[in-house]
Amino acid sequence: MVHTPTHRNGRGFTLIELLVVIAIIALLISILLPSLGAAREAGRQVSCASNLRQLAMAGMNYAASNRGYFCSGGWDNRITRSRPNKEEGLGGLDRTGWVADYILGGYAVPGKTLCPTNASKFSNRLAPARVTGASWSQLSGSTLDNLIDAGYNTNYCQSWFMAQTDMADPADLSADREEYRFAVGPLNDKSLGNAASVSRVPLFGDGPVLDDDPEDIVIYKGQQFAGSKTTTDGPTQNLVPGFGQVWGRQDYTDFGPVHGKKSKAVLPGNRSRTLTSIGQISFADGHVDPFTDTVRDGTFNHRGALINGITTVKYDELEGKVYGGWLSRPGLNF
C-alpha cells in the first residue's frame, strides 16, 4: 500500500485581513459599550428605587410603633435646629433623627442602602462644619468614621414635610424655616389624607451634590468627599388671600436627578457641572416615582406663579404630582 501525503494550504491571514477583523471588533465594541452602560445604569436606578421604597416602608413601620410619627425629625447634630417644648434641640446624630431612629429601632440601616448611582456616598450632615461647634455630639476623626461604618449615613434627601410638617405660625416670616422651634414637628399620619393625598406627600428623594459649599465636605478616614443634600429647605414665602404674606409652598430644589444620561451645563456663577436627567422620590404610601429634569438645571426647581389667586411658586417638573402646600391646614391644597 502506497501512502499519498495530503498537502494542506498553509496560507494564513494577511495583514490587511487582520486589520479589517480588528476594525470590525472595535466597531462592535463601540456599539455595544453604550448599551451595556445604559443597562448597568438602569439596574442601578432599579436598585435605588428599591432603597427608597425600603426607607418609606421603614417610616411607615416606625409610625405604627410610635403614635403615628414617621420619625423623630430631621437628622441634624446642630443644637440650633430645635423643636417646640424641647430644652434645646433634637439630639446627637447617633441618638435621634430619622437615620438613628431606623437603625436603633431595627427598621433599616440607611448607610447600607445608598443610591449606587449618586456621585456622593455621604450625607452633608456628616461634614465637620455641621457636626462640631454648637452640636449635641462632638463627632470627629475615628468617632465619626465608626459611626459611618455602622450605617449612620445616607445619600438620600428627606423631605421637609417628613421632618417638620408645617410652620407652626405661617404668618411669622421672621421665623427660620429650617429651625424646629418654628415648626409643627415630625410628620404624623394624622396630617395625611386631608389637605393632600397620601400618594403625593414625599418622604425621601435622591439627594444630589448641588454646589461646592465647603460646609458640605465630609472627611472620612482622612479623605475629603462631597456631601449630598439631606433635607429639603422647606416653605417659600407666598401671598395668600385671607392669610397675607405667609410661609407657603415647599422648596424642592434639594431633590434632584442623579440617574440617566450625563451632560455638561454652565450654572449661575459660570460654574460648570455634569448633570444627569432623572431623580426618584418615595411617597407616604410607599410607592416610588421617577421624575425628569426637563429644564436641565440639576434640580427640581420652581418659579413664581399665580395659582387660584395665590401668588406662589409653580414647580417646573413636579407640579400636580408632588404635593407642596400646607399639610396641617387648608389654603394651599392644589
Side-chain angles (χ1 to χ4, degrees), residues 34 37-38 40-42 44-49 51-52 55 74 114-127 129-130 153-163 177-178 202-218 224-236 249-283 288-305 313-324:
R40 183 165 54 248
E41 170 51 28
R44 289 173 177 170
Q45 186 176 335
V46 170
S47 175
C48 175
N51 291 344
L52 283 168
L55 292 179
L114 299 175
C115 173
T117 306
N118 198 327
S120 172
K121 302 304 177 187
F122 298 91
S123 163
N124 68 349
R125 290 291 189 264
L126 297 167
R130 298 177 183 271
N153 181 30
T154 184
N155 57 6
Y156 292 111
C157 184
Q158 181 191 34
S159 76
W160 188 90
F161 272 150
M162 184 178 174
R177 63 180 176 172
E178 294 187 33
L203 297 183
F204 299 101
D206 285 313
V209 179
L210 295 180
D211 49 42
D212 301 320
D213 190 339
E215 290 193 353
D216 289 347
I217 299 297
V218 177
Q224 294 188 358
F225 300 90
S228 64
K229 296 300 180 181
T230 309
T231 309
T232 60
D233 281 338
T236 58
R249 297 189 91 193
Q250 294 289 302
D251 179 346
Y252 286 135
T253 51
D254 282 350
F255 284 150
V258 300
H259 307 280
K261 187 177 180 180
K262 293 182 174 64
S263 65
K264 289 286 186 180
V266 178
L267 303 179
N270 292 321
R271 292 182 293 114
S272 177
R273 190 189 324 146
T274 299
L275 301 180
T276 47
S277 56
I278 299 172
Q280 302 187 112
I281 298 174
S282 63
F283 294 85
V288 178
D289 276 340
F291 297 89
T292 302
D293 176 19
T294 56
V295 180
R296 305 298 288 159
D297 59 358
T299 68
F300 294 131
N301 221 324
H302 57 261
R303 53 192 167 85
V313 297
K314 184 175 183 179
Y315 304 115
D316 292 327
E317 296 96 351
L318 309 181
E319 193 65 42
K321 300 173 183 176
V322 182
Y323 184 71

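Numbers for residues simply follow the sequence, beginning at 1.
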Quick one: closest heavy-atom pair of [X] and [Y], and the distance?
| X | Y | value |
| --- | --- | --- |
| P257 | S277 | CB-C, 3.6 Å |
| D233 | E178 | OD1-OE2, 3.7 Å |
| E215 | A127 | O-CB, 3.0 Å |
| A163 | G74 | CB-N, 3.8 Å |

Give, for atom [atom1] of [X] and atom [atom2] of [Y], the distance between the pair rounded to the nearest 0.5 Å.
| X | Y | atom1 | atom2 | value |
| --- | --- | --- | --- | --- |
| F204 | C157 | CZ | SG | 10.0 Å |
| L52 | S47 | CG | OG | 10.0 Å |
| N51 | Y156 | CG | OH | 4.0 Å |
| T231 | D254 | OG1 | CG | 8.5 Å |
| R40 | T117 | CZ | OG1 | 10.5 Å |

Practice problem: Could you tell me how the ring of Y315 sits relative to the ring of Y252: parallel (under 30°), tilted (30 to 60°) or perpendicular (over 60°)? | Solution: tilted

Quiz item: Sequence neighbours excluded, which residues qualify as side-chain contact (heavy atoms from CB on, under 4.5 Å) partners of F291?
Solution: I281, F283, D289, F300, L318, K321, V322

Quiz prompt | Under the side-chain contact (heavy atoms from CB on, under 4.5 Å) test, residues paired with I217 that sit two or more places apart | solution = Q224

Donor-acceptor contact below 3.5 Å, side chain [X] vs main chain [Y]:
| X | Y | value |
| --- | --- | --- |
| R125 | R130 | no |
| D293 | G298 | yes |
| K121 | T154 | no |
| D206 | N118 | no |
| N155 | S120 | yes |
| T232 | W160 | yes |

Quiz item: Does the pair R249/E319 count as a salt bridge with the N-to-O cut at 4.0 Å?
Solution: yes

Quiz item: Under the criterion salt bridge (charged side-chain N to carboxylate O under 4.0 Å, His left out), which of D213, D251, D216 is the partner of K229?
Solution: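 Testing K229 for a salt bridge (charged side-chain N to carboxylate O under 4.0 Å, His left out) against D213, D251, D216 leaves exactly one candidate, D216.
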
Quiz item: Less than 4.5 Å apart, any side-chain heavy atom of C115 and any of R44?
Solution: no

Quiz item: Going through the checks in order, is the side-chain contact (heavy atoms from CB on, under 4.5 Å) test met by H259 and T276?
Solution: CA-CA 6 Å; H259 307 280; T276 47; 5.8 Å; no

Practice problem: Given side-chain contact (heavy atoms from CB on, under 4.5 Å), test E317 with V295 step by step and report yes or no. | Solution: CA-CA 8 Å; E317 296 96 351; V295 180; 3.5 Å; yes

Quiz item: For T230 and N124, does a side-chain donor sit closer than 3.5 Å to a side-chain acceptor?
Solution: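 The answer is yes; a qualifying pair exists.
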
Practice problem: Check step by step if ring-ring contact (aromatic ring centres under 6.0 Å, His included) holds for F122 and F225. | Solution: CA-CA 7 Å; F122 298 91; F225 300 90; 5.0 Å; yes

Practice problem: Please lay out, stage by stage, how N153 and L126 fare under the test side-chain contact (heavy atoms from CB on, under 4.5 Å). | Solution: CA-CA 8 Å; N153 181 30; L126 297 167; 3.2 Å; yes

